[in-house]
Structures are given as structure tokens and as C-alpha cells.
Amino acid sequence: MKQQFCQSCGMPLTDTNKGTNSDGSLNNEYCSYCYQKGQFTQDFTLNQMIEFCTQFTDQINKETGWNLTPEQAKENMRQFFPTLKRWKEKDERTLTEKATGLLAQCKEITIVSIDAEGFPRPVPMSKISSKGCNEVWLATAANSVKVADFKLNNKAGLCYSNYGDSVELRGIIEIITDDNIRKEMWQDWLINHFPYGPTDPNFVLLHFIGKEATFWINEEFSHEKL
């Protein structure tokens, strides 16, 4: 019997690792890591899938007896994956639509303020919420250095990435202290930083809106006004 491969990640398919359809039956084209209950488990581009799978090079070598370097494994995937069903079908989404999916995947972003001396100050932060590809809410302390920076200059940079795809944004920051919005955006884990909850006087939100973007998604590069 001819060996079957997952039509998303290229893994050899067996009855023990097949994905499932919406009715719970086994799917004969995709593995359980890529496909469950009739849907793909990850909203990846082809490039992201290759980057994701490359991290398992040692496991691939162990199971196949190969001795590939990560770069050799990646090159093999670049040749093989475009022949698989999932990647044969052209992704008709625009770059902004793909970037929206990318931002939804990201739990952390990097925000950049400009200090009083004109130097950029990049800081990694946890994302509270996002909308589209260019609107992000973040939580921080009212007495933080970044808030002081943004009070002097509300221009900001923000970037996010996942498995090789990335977006860099230029835009503006709004510092939000409104009680209703703070309550709406509150998440339970924030209590570790703001012990008085959503009304904690030191709890503020940063609302970033990107006006320009540089996209690098699925090896497609573009500068765009938003």
C-alpha cells in the first residue's frame, strides 16, 4: 500500500495519527496535529509551516535515519510542501488579512516609544487585545517609563512575528484611564501587577493604532499605508 502523507505538514499518515472531520470520523488527508473537527489547528502560511516543522529536525532524523541539518530539512520542505494539497491551493487573502491572522496568533508584541533624548526604546509586552492587523491594546503602569515617553511623544512603533512571518507598524498611542474601558479590557492575570483590580489607579491601557506597515509574510514584502 502506498504511503500517505499529511497534506499540510508532510508527516506520514497512519490510522493512529489521522485528523478528524466535523462529524468525528477520521480524515484521510491530514494528521491530527494539523486538522481536528474539520478545521486546521493553526492559521499558518506555507512559510510558517516550514519554520514550525524545522524545529523538529532532530525528531525527523531519529525516525527516518537521516542526518539533516535544520537548513537542509528546511530546503527539503521548501521543495516538498508546495506539492501538498493545502499549499497547492492559492491563499487569496490580502497581506492585511494575513497580517490580521498573524497578530491573532501572537501573545506578545514589541512596542517602541521615543524617549526625551529622541532615542527609540523597544519593550516586549503581553497583548491584551487586538483588532485587524494594526490595532492593539496593552496594559501597563501609569508610573512606567513608557507612559512618561508617550505623554511627551505619542508616536510609536510596534512589531509582531510568528514562525518567520512578521509585521512592523508605525502609528500613535493613546493612554486610556477610562474606568469602563479598563473594566472591559481587564484580564484575571493582571491582578499580579495591579492588586486593586481594574480600578487600580496605577493600571492604564495603551491603545496603539498603526498608520503604516511593513509586511513580511510568506516571503512577500510590502510597505503600505493603512
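By convention here, the first residue in the shown sequence is residue 1. Predicted model only: the values in this text are computed from it and were never measured.
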Between Glu92 and Lys98, does at least one N-O distance fall below 4.0 Å, as a salt bridge requires? no

Value for CD1 (Ile114) from CG (Asn154), rounded to nearest 0.5 Å, stands at 11.0 Å

State whether Asp149 and Lys155 are salt-bridged, where the test is any N-O pair (Lys NZ or Arg NE/NH1/NH2 against Asp/Glu carboxylate O) under 4.0 Å. no

Rounded distance (nearest 0.5 Å) linking atom CG of Leu138 with atom CE of Met185: 10.5 Å

Could you check if a side-chain atom of Thr110 sits within less than 4.5 angstrom of a side-chain atom of Val123, using non-hydrogen atoms only? no

Is there a donor-acceptor pair under 3.5 Å between the side chain of Asn134 and the backbone N or O of Gly210? yes

How long is the span from the CH2 atom in Trp186 to the OG1 atom in Thr199, to the nearest 0.5 Å? 8.5 Å

So, do Asn17 and Met11 sit near enough that their side-chain heavy atoms are less than 4.5 Å apart? yes

Is there a salt bridge (charged side-chain N to carboxylate O under 4.0 Å, His left out) between Asp43 and Arg93? Walk through the geometry before answering. CA-CA 12 Å; Asp43 183 23; Arg93 295 177 298 169; 3.6 Å; yes

Between Phe208 and Ile109, is there a side-chain heavy-atom distance shorter than 4.5 Å? no

State plainly whether one hydrophobic cluster holds both Phe215 and Leu102, where clusters connect Ile, Leu, Val, Met, Phe, Trp and Tyr through side-chain heavy atoms under 4.5 angstrom apart. yes

What verdict does the salt bridge (charged side-chain N to carboxylate O under 4.0 Å, His left out) test give for Lys85 and Glu29, after you've listed the backbone C-alpha separation in whole Å, the side-chain angles of each residue and the deciding distance to 0.1 Å? CA-CA 8 Å; Lys85 180 180 177 179; Glu29 293 182 317; 3.0 Å; yes

Pairs satisfying salt bridge (Lys or Arg N to Asp or Glu O under 4.0 Å), at least one member in residues 208-220, at least two apart: Arg170-Glu212, Glu212-Lys225

If you draw a 6.0 Å radius around CD in Gln39, do more than 12 non-hydrogen atoms from other residues or ligands fall strictly inside? no

Is there a donor-acceptor pair closer than 3.5 Å between any side-chain N or O of Lys107 and the backbone N or O of Ser126? no

